[in-house]
Asks: 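This is the structure, below, for whatever I ask next.
Along the sequence shown, the residues carry numbers beginning at 1. One-based numbering, in listed order, for ligands and for the atoms of each. Since the model is a prediction, treat every value here as computed from it, not as a measurement.
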Amino acid sequence: MTIRRILVFPHPNLRRKANPVTEFDRSVAQLADDMLETMYESKGIGLSAVQVNLPLNLIVTDVSEEKNAPRVLVNPQLELLSGLQHHEEGCLSVPGFWEVVERADNIRVNAQSVKGKHFSFETSGLESVCIQHEVDHLSGKLFVDYLPRIKMRRIRSKLLKSSAAA
Ligand code: QAP
Ligand code: CO
């Protein structure tokens, strides 16, 4: 397993649209393993392939306290079912910033495993927020896009300054 480098906002590749995974070979399982390791090492609860500079429809999550419930979703599709929730969100690509975002509460997820097997489930609460956040990355969308422009600009400028200093 390998730790992959995570792109930081406003890196332009975070705006790329991901392509469907069509070949379910060993490299897909390898990428999912690397992304889980990268997410755990960074103390994250979710990570998308776009964030590690690969425009592929693949996300990983683990919202459990014990960090023992990894989920890998290949080609995820969401149906927003009902309810709204407000939740504070962060992002491994927007380090150090947390803001409240409004999302659907109940969702249905249709996805494939690393072997290509189709499956579906319903979820709500934090897992639902996390999956919606990660699926947004697959179309080049970030949680800062939901914030007032002035707030987003302030975050962008601070992150540009810290990456210039690094
Ligand atoms: C998305 O984000 C998420 O700034 C996943 O310094 C987050 O795992 C969905 C992280 C919260 C719902 C609620 C961010 C770690 C992790 C940081 C993450 C940081 C260290 C973000
Ligand atoms: Co994110």
Asks: Please could you name the atoms of ligand 1 that Val94 approaches to less than 4.0 Å, counting only its heavy atoms?
Replies: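 Checking each atom against Val94, I get 4 (O).
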Asks: Does only the side chain of Trp98 get under 4.0 Å from ligand 1, or the backbone, or both, or neither? Count heavy atoms.
Replies: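 The answer is the side chain.
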Asks: Applying the side chain to side chain contact (heavy atoms under 4.5 Å, CB included) test to Val74, which of Leu58, Leu56, Val60 qualifies?
Replies: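 Exactly one option meets the side chain to side chain contact (heavy atoms under 4.5 Å, CB included) with Val74, and it is Leu58.
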Asks: Please determine whether the number of non-hydrogen atoms from other residues, nucleotides or ligands lying under 6.0 Å from atom CD of Glu102 exceeds 12.
Replies: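 Yes.
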Asks: State, with a plain yes or no, whether a side-chain heavy atom of Phe97 is found less than 4.5 Å away from one of Lys158.
Replies: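 Contact flag for Phe97/Lys158 side chains = yes.
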Asks: Tell me whether Lys141 contacts the main-chain N or O of Leu138 through its side chain, where contact means a donor paired with an acceptor under 3.5 Å.
Replies: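 Side chain of Lys141 to backbone of Leu138: no pair is present.
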Asks: List every atom of ligand 1 that sits less than 4.0 Å from any heavy atom of Ser42, numbering the atoms from 1 in the order shown and giving each element.
Replies: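 What qualifies from ligand 1 is 15 (C).
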Asks: If the cut-off is 4.0 Å to any non-hydrogen atom of Pro95, which atoms of ligand 1 fall inside it?
Replies: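 Those qualifying, in numeric order: 4 (O).
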Asks: For ligand 1, which atoms, with element, lie under 4.0 Å from some heavy atom of Glu134?
Replies: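 By the 4.0 Å cutoff, the relevant atoms are 1 (C), 5 (C).
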Asks: Counting only heavy atoms not in Glu23, do more than 12 sit closer than 6.0 Å to its CD atom?
Replies: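 Check fails, neighbour count at 12 or below.
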Asks: What atoms in ligand 1 come closer than 4.0 Å to a heavy atom of Gly46?
Replies: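 The list of qualifying atoms is 5 (C), 8 (O).
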Asks: Can you report which non-hydrogen protein atom sits closest to atom 9 (C) of ligand 1, along with the distance?
Replies: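 Heavy-atom neighbour on the protein nearest atom 9 (C) of ligand 1: Cys130 CA, 3.8 Å.
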Asks: Counting only heavy atoms, tell me which of Cys91, Gly96, Gly90 gets closest to atom 4 (O) of ligand 1.
Replies: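 Looking at heavy atoms only, the winner is Gly96.
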Asks: May I ask you to identify the nearest protein heavy atom to atom 8 (O) of ligand 1, giving residue, atom name and distance to one decimal place in Å?
Replies: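 For this ligand atom, the closest protein heavy atom is Ile45 N, 2.8 Å.
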Asks: Please list, in number order, the atoms of ligand 1 under 4.0 Å from a heavy atom of His133.
Replies: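 Under 4.0 Å from His133, ligand 1 has these atoms: 1 (C).
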Asks: What's the NE2-the Co ion (ligand 2)-NE2 angle here (His133, His137), rounded to 10 degrees?
Replies: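 That angle works out to 110° after rounding to 10°.
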Asks: Using a 4.5 Å cut-off on heavy atoms from C-beta on, say whether the side chain of Leu160 contacts that of Pro10.
Replies: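 Yes. Closest side-chain heavy atoms under 4.5 Å.
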Asks: Nearest non-hydrogen atom to atom 21 (C) of ligand 1 belongs to which of Val129, Leu47, Ile131, Leu92?
Replies: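 Result: the heavy atom closest to atom 21 (C) of ligand 1 is in Leu92.
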Asks: Could you tell me whether some N/O pair between Leu126 and ligand 1 is separated by less than 3.5 angstrom?
Replies: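 By distance alone, the answer is no.
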Asks: Determine whether a donor-acceptor pair (N or O, by modelled atom type, separation under 3.5 Å) exists between the side chain of Gln51 and the backbone of Ser48.
Replies: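 Present.
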Asks: Salt bridge check, Asp25 against Lys115: does any charged N sit closer than 4.0 Å to a carboxylate O?
Replies: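 No.
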Asks: A side-chain contact here means heavy atoms from C-beta on lying under 4.5 Å apart; do Glu89 and Arg103 qualify?
Replies: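 Result yes, sub-4.5 Å side-chain heavy-atom pair found.
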Asks: Indicate, as side chain, backbone, both or neither, the part of Glu88 found under 4.0 angstrom from ligand 1 when only non-hydrogen atoms are considered.
Replies: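 Under 4.0 Å from ligand 1, Glu88 contributes backbone atoms alone.
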